[in-house]
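Notes for the one structure printed next.
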Protein chains: 2
Amino acid sequence: MKQLFHPEIEDVLPADVFAALGDPIRLGILVSLADCDEVDKARCGAFTELASPSLLSYHFAKLREAGITRSRAEGTVRFLSIRREEFERRFPGLLDSVIETARRDPSVPRIKLDV
Amino acid sequence: MKQLFHPEIEDVLPADVFAALGDPIRLGILVSLADCDEVDKARCGAFTELASPSLLSYHFAKLREAGITRSRAEGTVRFLSIRREEFERRFPGLLDSVIETARRDPSVPRIKLDV
DNA sequence: CCCATGATTCAACAATCATTGAAATTGTCG
DNA sequence: CGACAATTTCAATGATTGTTGAATCATGGG
């Protein structure tokens, strides 16, 4: 199984984080993840309402490379989760207000992840 | 005098805000503004350490069009300020954690604005 | 009225981005 | 093994971005 690149959280730069957040689809992925009841149980394939599979894969990579999310493979399925603790340590308080901002805004698409 | 465009704060979208923040020079402008002792007294010309005049103008426009800053002309000089209250009303808590994030990080350039 | 100053605009460029659809990959199950 | 399902990768595209330097536009002062 090919291992996807996850940056060390210390190497993540603020500008890269914000650039990764500067897209409605990626914000949609993020709030959907944040609103998911069960942590670390969100399948990549559950996001198809937001975009085509290949485009989703592109956006997943952007979020992952910006240190925001983690992708974990389990068999043929991949699970996506927010790097909560690490990110909180690196940028205290940031992710909460980002998620709250995105959550409140109707321009951000979102899906219901039934786990 | 040509009037620069400032969006209504209600029209500003989260993704546009984050896209505007996704550049180190613009983050540098923002933290320098935030750390300026006197509000609304920062001349555009005081930022030349961060970039050339024309590039600065480009980045000022990005921040302005994202609803983050306001540009005010006074004679031949322009002053730049953060749209604090409006922005806080539109996206509560966001700007503070963004500024704090940028302020803490050494990758974000900054200048001392002596007013 | 001309000139210097502060700042924006414009034209050009390479680089990156978002998007699409087809192809390759990886693991599962019969 | 071989078909299938879930994802990623690749190649191609048009659009947007960051940057540069030259040109332009105000405004205030001699």
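No experiment lies behind these values; they were computed from the predicted model shown.
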Are [X] and [Y] side-chain neighbours, meaning at least one heavy-atom pair lies under 4.5 Å?
X: B/Lys112; Y: B/Ser32; answer: no
X: A/Phe18; Y: A/Leu94; answer: yes
X: A/Arg110; Y: A/Arg103; answer: yes

Picking from [options], which would you name as closest to the side chain of [X]?
X: A/Tyr58; options: C/dT8, C/dC17, D/dT7; result: C/dC17
X: B/His59; options: C/dA7, D/dT20, D/dT19; result: D/dT19
X: B/Lys62; options: D/dT17, C/dT8, C/dA18; result: D/dT17
X: B/Ser57; options: D/dT8, C/dT8, C/dA7; result: C/dT8
X: B/Cys44; options: C/dT9, D/dT8, C/dA7; result: C/dA7
X: B/Asp23; options: D/dT8, D/dT19, C/dT8; result: D/dT19

>> So, applying salt bridge (Lys or Arg N to Asp or Glu O under 4.0 Å) with B/Asp40, which one of B/Arg83, B/Arg78, B/Arg72, B/Arg84 is it?
In response: B/Arg72
What donor-acceptor contacts under 3.5 angstrom involve side-chain atoms of residues 19-29 of chain B, with partners at least two apart or in another chain?
residue	atom	partner	partner atom	Å
B/Asp23	OD1	B/Ile25	N	2.8
B/Asp23	OD1	B/Arg26	N	3.2
B/Arg26	NE	B/Ala20	O	2.6
B/Arg26	NH1	B/His59	ND1	3.0
B/Arg26	NH2	B/Ala19	O	3.4

Under 4.0 angstrom, heavy atoms only, what part of the nucleic acid is [X] near: base, sugar-phosphate, or nothing?
X: B/Arg26; result: sugar-phosphate
X: B/Ile25; result: sugar-phosphate
X: B/Phe60; result: sugar-phosphate

Nearest whole Å is fine: how far is [N] [atom2] from [X] [atom1]?
X: A/Phe47; N: D/dT7; atom1: CZ; atom2: P; value: 10 Å
X: B/Phe79; N: D/dT27; atom1: CZ; atom2: P; value: 15 Å
X: B/Leu56; N: C/dT9; atom1: CG; atom2: P; value: 14 Å
X: B/Leu63; N: C/dT8; atom1: CG; atom2: C1'; value: 16 Å
X: A/Arg72; N: D/dT8; atom1: CZ; atom2: C1'; value: 18 Å
X: A/Arg43; N: D/dA6; atom1: CZ; atom2: C1'; value: 9 Å
X: B/Leu55; N: C/dC10; atom1: CG; atom2: P; value: 17 Å
X: A/Phe18; N: D/dT17; atom1: CZ; atom2: P; value: 18 Å

> Between A/Thr76 and A/Ala61, which is nearer to the 5' end of DNA chain D once each is assigned its nearest nucleotide?
Replying inline: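 Looking at DNA chain D, the more 5' nearest nucleotide goes with A/Thr76.
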